[in-house]
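Bear in mind the structure is a predicted one, so any value in this text is a computation, not a measurement.
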Amino acid sequence: MDFAGVDFSVLLVFFAALACAGLLAGLVAGLFGVGGGIVIVPVLFYVFTAFEIPEDVKMHVAVGTSLATIIVTSIRSLRSHLKSGVVDVPLLKSWILPVVAGVVAGTAVADMIDGTALTLIFGSIALVVAANMAFGKSTWRLADDMPGRPGRDAIGAVMGFLSTLMGIGGGTFGNTVMTLYGRTIHQAVATSAGLGLIIAVPATLGFIFSGWGEAGIPPGSIGYVNLIAFACIVPATILMAPVGARLAHSLPQKTLKRGFAAFLALVAIRMLYGVLAG
């Protein structure tokens with residue numbers, strides 16, 4: 001896509017679609033305590049598809065751009081949660097090295113595989129996330145506390161690896177893991193904000209580096225990070241996250257979660273079908 005040859009009205013649609021992605025991502029993040037990346041990646045994927053971004057790079061740009069937006073939203077969220085005193089700081093510190101190791105591995109794998117494989121990975125894991133949101137119970141426990149250092153490190157590395165491949169922050173996996181190991185949902189959500197920052201910073205740098213000079217990336221991109229999408233999405237996400245948080249206290253969570261799970265499952269199935277059928 002070359003902006004110089006695109007009609008102005010088409011560009012307005014492009015910017016509006018990106019802003020809508022940010023609004024929806026912020027709402028979802030506030031409602032469910034999950035990273036907005038789980039929404040941003042598929043929306044960017046379809047926006048880039050509509051604007052004929054090459055198949056080889058569009059999923060990489062969607063993932064890289066999503067990770068970049070998470071840096072800003074995680075900083076804002078973490079500062080707020082630190083003031084409330086519910087962040088598990090010792091756990092977060094213990095996860096820094098293993099999570100970053102997982103991020104480095106995830107970035108390397110993303111650089112080696114093509115866009116089709118990256119889409120298959122996102123769609124498959126998104127289906128699992130949707131199933132957990134729809135049918136998971138807050139009472140499920142694996143243990144009353146996190147495992148010892150080797151097990152905790154392994155969990156951190158896996159979360160960093162999968163989150164990088166999917167372009168998401170810490171909430172999607174972190175909330176589930178921490179509540180399974182005895183943390184309250186409020187502490188899990190707060191700590192996941194910091195986890196998102198640990199994931200997003202090195203992952204974004206990795207996607208910038210690995211995409212540098214690639215053919216077919218959209219205008220306004222640095223490597224696999226599109227700055228135009230970033231600029232449209234971040235303000236909208238920041239605007240809507242508090243709205244989602246307020247709604248979370250007034251609407252039935254079970255119904256909301258199942259509704260979003262159905263939406264996520266349909267998006268994931270559509271992405272998988274498009275890849276497998278194409």
With rounding to the nearest 0.5 angstrom, report the OG1 to CD1 distance, Thr116 to Ile121. 11.0 Å
If a pair satisfies side-chain hydrogen bond (donor to acceptor under 3.5 Å, both in side chains) and one of its residues is in residues 93-113, list it, with sequence neighbours excluded. Ser94-Arg152
Pair Ser66-Ile70, side chain to side chain contact (heavy atoms under 4.5 Å, CB included): steps then yes or no: CA-CA 6 Å; Ser66 174; Ile70 290 167; 4.1 Å; yes
Can Phe161 and Val109 be said to form a side chain to side chain contact (heavy atoms under 4.5 Å, CB included), step by step? CA-CA 9 Å; Phe161 179 76; Val109 170; 3.8 Å; yes
Under the criterion side chain to side chain contact (heavy atoms under 4.5 Å, CB included), I'd like the reasoning laid out for Leu23 against Leu27: C-alpha separation, chi angles, the key distance, then a yes or no. CA-CA 6 Å; Leu23 292 172; Leu27 186 65; over 6 Å; no
Check ring pair (Phe, Tyr, Trp, His ring centres under 6.0 Å) between Phe263 and all other residues, then give those that pass, not counting sequence neighbours. Phe260
How close do Leu165 and Leu118 get, heavy atom to heavy atom, and via which atoms? O-CD1, 3.5 Å
Residues at least two apart in sequence or cross-chain that pass salt bridge (charged side-chain N to carboxylate O under 4.0 Å, His left out) with Asp145, listed by chain then number, are Arg183
Which salt bridge (Lys or Arg N to Asp or Glu O under 4.0 Å) pairs, counting each pair once, include a residue from residues 201-224, with sequence neighbours left out? none
How would you list, by chain and number, every residue that makes a side chain to side chain donor-acceptor pair (under 3.5 Å) with Thr184, sequence neighbours excluded? none
Verify whether one side chain among Thr191 and Asp88 offers a donor that lies under 3.5 Å from an acceptor in the other. no
Chi angles and distances behind the side chain to side chain contact (heavy atoms under 4.5 Å, CB included) call for Ile168, Phe173: CA-CA 9 Å; Ile168 61 179; Phe173 296 122; 3.7 Å; yes
Run the side-chain donor-acceptor check on residues 231-245: report pairs under 3.5 Å with partners two or more places apart or on a different chain.
residue, atom, partner, partner atom, Å
Thr237, OG1, Gly22, O, 3.2
Thr237, OG1, Ile233, O, 2.9

Please tabulate, one pair per line, all N/O donor-acceptor pairs under 3.5 Å involving side-chain atoms of residues 128-135, not counting sequence neighbours.
residue, atom, partner, partner atom, Å
Asn132, ND2, Thr176, OG1, 3.3

Counterpart residues, side chain to side chain donor-acceptor pair (under 3.5 Å), relative to Arg79 (two or more places apart): none
With a 4.5 Å limit on heavy-atom distance, are the side chains of Leu120 and Leu272 in contact? yes
Partners of Ser210 by side chain to side chain donor-acceptor pair (under 3.5 Å), sequence neighbours excluded? none
Indicate the ring-plane relationship of Phe207 and Tyr224, choosing parallel, tilted or perpendicular according to the 30° and 60° boundaries. perpendicular
Taking atom CG of Leu82 as the centre, report whether more than 12 heavy atoms of other residues, nucleotides or ligands fall under 6.0 Å from it. yes
List the residues meeting side chain to side chain donor-acceptor pair (under 3.5 Å) with Ser74, not counting sequence neighbours, and say none if there are none. none
Starting at CD1 of Ile155, measure out to CE of Met178 and round the result to the nearest 0.5 Å. 10.5 Å
Which atom pairs, one a donor and one an acceptor, fall under 3.5 Å between side chains of residues 36-48 and the rest of the protein, sequence neighbours left out?
residue, atom, partner, partner atom, Å
Tyr46, OH, Met271, N, 3.4

Salt bridge (Lys or Arg N to Asp or Glu O under 4.0 Å) contacts in which one or both residues fall within residues 58-68, not counting sequence neighbours: Glu55-Lys58
Approximate separation, where rounding is to 0.5 Å, of Ile269 CD1 and Leu276 CG: 11.5 Å
